Amino acid sequence: MAGQPRLFDLPDAPEPWELAAEADLLTAEIVLPLPTPTTFHYLVPDALRDLIRPGQRVKVPFGRGDQLKVGFVVAVGSPPPAARRLKSIDALIDREPLIAGDMLELTKWISERYLGSWGQVLDSVIPAGVKKQAGTREIRCFQLAEGALEKAASLKLPARQRAVLEVLQEADGPVPVDQLEAAAQCGTSPIHALRDKKLIVPVRQRRSTMTEEYTPAARTADLILNPDQQTALDAILEPLQAPRHETILLHGVTGSGKTEIYIRAIREVVSYGRQAIVLVPEISLTPQTIRRFGSRFSSLAVLHSHLSDAERHWHWQRIASGEVEVVIGARSAVFAPTPHLGIIVLDEEHETTFKQNATPRYHAREVARERARRAGVPLVLGSATPTLESFDRAQRGLDRLIEMPNRVEQRPLPPVVIVDTRNDALVPRGHSIGRALKHSIERSINEGGQVILFLNLRGYSPVLWCLKCNEGVKCPDCDISLTWHRDRGKLLCHSCDFEMPPPERCPSCGQPGQKYLGAGTQKLEQEVRSKFPDARIVRMDSDAMRKPGSHDEALERFRKGEIDILLGTQMIAKGLDFPNVTLVGVIDADSMLHQPDLRAAERTFQLIAQVAGRTGRGEKAGRVIVQTMSPDDAVIQLAAEHDYLGFAKRELAQRREHHAPPATNLARVIVRGPREDLVRAEIRKIVETLKETAKGRGDDLRILGPAPAPILRLKKLFRYHCQLSAPTIEQILEWWRAAEARFSLPDEVELTIDVDPLDLR
DNA sequence: AGCACGCCGACT
DNA sequence: GTCGGCGTGCTC
């Protein structure tokens, strides 16, 4: 039996008596961080019987060598029917589960929906600080032993020992040693004496070392809602009160007062003792936004990427304890461990940062939808320019659509003037700012208004052109032109961290005579400074805003009116709400329009609409100037007319025609490696296998490629890709799973699959 | 993901 | 005859 030495390896199938012996044994189902969908069963040793719960991590022996691996417990129960010889759990890592049961199930859903392994999804969903219990320490504490007070009453005790007992009696729980000494005004000896008399017992407790306390902002009163806002709020309250799940797409133009509606809906949720999660793009997570929510709720947790491990863990614990009413955060806050979720709000629904760019490549909007569905609570999506995916769902009646076509206080949307820069006197001679824009800037500043100039290109010049090669100087590791950053005196690659001083001769042909072409924000800044020498100007892009806090500081100065012209990249296009901005200039609306991307038109429309939304938000009227070389382009014209519905209708028709989303669903397979021949060979094999697997699965399954990725080489790796499409996502997932089992890759080649890809770079 | 097993070619 | 290539399959 168990004590008997075994001379031979055990067979896989256990003997009948072994089954009987295992019948009342407790087993745990464990997920390991392996790229396999399999879960593994282990015996729970008696010592862990009462401690083990789903959501905790354990160490288990794995493989022939019984190497210890860390896995998550996902279920505890009796042995699985397909009995085999089970190994035992080696150790329990966490006292408490790191993740609740419903969230565990949600991570499983993510692993299926985005084709990653459950173990890897789990690993990435729990913040490192939570796993490490960052910011906490084990502290020696003492508490009263059972019946200690009764026993003490019949004992003659010295005064100091009595004092210790009194402190513990009042504390009603474990007290750290140092606090106990201070409160009872004694040293260690009375405490140890009591311990030896078994009147008090030592316990170890995890205590936070965080000293930070949450200070609620000054409370402000509710605003009065206009009829449009009230209608929208009522539409959210209805499923909220039912309660049932519903997704509500709030399509409200910029400045229509969406945030106030979120706040009022969340007030309702909080009044039920439930919590709300508000997801916003990382760059919208400004002090202004946080203050806006902080001033309306008594407890708020903020989750963003700049938190330290300790801070994140601290917020996580506060959220899990239920003391937090509202969680506001970027993408990953969709996993906030709220015990009684009441609503999820996802603002700026169209923002691409909601899609994670690393495995697991989930979209927070879809995860939020699934989480809300499982919790039976509403999901509110807000945007002035919804994605066609969301708009299409709403139009088909799958989600509820609420339109808010007007700005608050009947403020008009700003007029958008399209300027054809082909006929400009200045632009063909290398200027970024054409005559019309220049005059408008002058006028705005003279009238005491502020100006925002948008250019989606950082650096000074995006290309260093060799006149001999007729080519730009490229990064040695990537297939990308180097950008000249004049302030740092270096050429930089925007895809990797390569940098070099500007070469005197072309690195490829050795000839002198190179030219800097094109303009980025640095060059624009120089031009603006020379054209408006008296204006106070600030450039905002990721180069200028590298110091932590500089972003918020610049915005604060702009708000106070200490800056006349704010120029920058994407960073200034979104969400800013400054009433004195009377002019917005888009330097080059074409940069996005002509990209080989199925969403190029959508991005251009969104960009113009969002940028236009930055002006005309106060008493003063605002206007927008859009410089373009394609003034007749339908997308640019629709954007200038603020005609989202017209744009959506037109674009949806085109997407259908091209079998593009949302008419179909996509997945993109990327293969990369240091050797181009191997990468190309692998992608061919994969496409062959996929084509074979597609047979008999209906003729709706399409495959595009293989082809070199638009940026063939990135960070020294060659990249090839192909694209799968099918009418439903389930068809794609099923197709891939059937094919996946049939290929294996050489060591040097890596494969990624991106379900619902947002870009095809 | 590791790691062993297994079935083919070039060497002592 | 054996050493070692890396395709295949399993890990509770």
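Computed from a predicted model, the values in this text were never measured in an experiment. Here is how names work: the chains are called A, B, and so on, in the same order as the sequence lines, proteins then strands, and each is numbered from 1. Computed from heavy atoms alone, side chains included, the values below leave out hydrogens, waters and symmetry copies.
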Subject >> Euclidean distance, atom CG of residue A:L745 to atom C1' of C:dT8 [Å, nearest integer] >> reply: 13 Å

Original post:
Is the shortest distance from a Lys or Arg side-chain nitrogen in A:E692 or A:K695 to a carboxylate oxygen in the other one below 4.0 Å?
Top reply: no

Original post:
What's the CZ-P distance between A:F40 and B:dA1, to the nearest Å?
Top reply: 13 Å

Subject >> Ring centroid separation A:F335 to A:Y362 under 6.0 Å >> reply: yes

**OP:** Check the distance between C:dC6's C1' and A:L678's CG and give it to me in whole angstrom.
**Re:** 13 Å

**OP:** Please state how far atom CZ in A:R85 lies from atom C1' in C:dT11, giving the value in whole angstrom units.
**Re:** 16 Å

Original post:
What is the nucleic acid contact for A:Y42, judged by heavy atoms within less than 4.0 Å: base, sugar-phosphate only, or nothing?
Top reply: sugar-phosphate

Subject >> Among C:dT11, B:dA4, B:dA1, the nucleotide that comes nearest once only the side chain of A:R64 is considered >> reply: B:dA4

Subject >> For atom NE2 of A:H41 and atom P of C:dC12, their distance in whole Å >> reply: 12 Å

**OP:** May I have the distance from A:D66 (atom CG) to C:dC10 (atom P), rounded to whole angstrom?
**Re:** 19 Å

**OP:** Compare side-chain N and O positions of A:Q67 against OP1 and OP2 of B:dC3 and report whether any pair is under 4.0 Å apart.
**Re:** yes

Original post:
Nearest-Å distance, NZ (A:K685) to P (C:dT8)?
Top reply: 8 Å

Subject >> Ring-face cation contact, A:W314 with A:R318, 6.0 Å cut, 45° max >> reply: yes

Subject >> A:R365 to A:F354, cation-pi by 6.0 Å centre distance and 45° axis angle >> reply: no

**OP:** Measure the distance from CD on A:E682 to C1' on C:dC6 and round it to the nearest whole Å.
**Re:** 13 Å

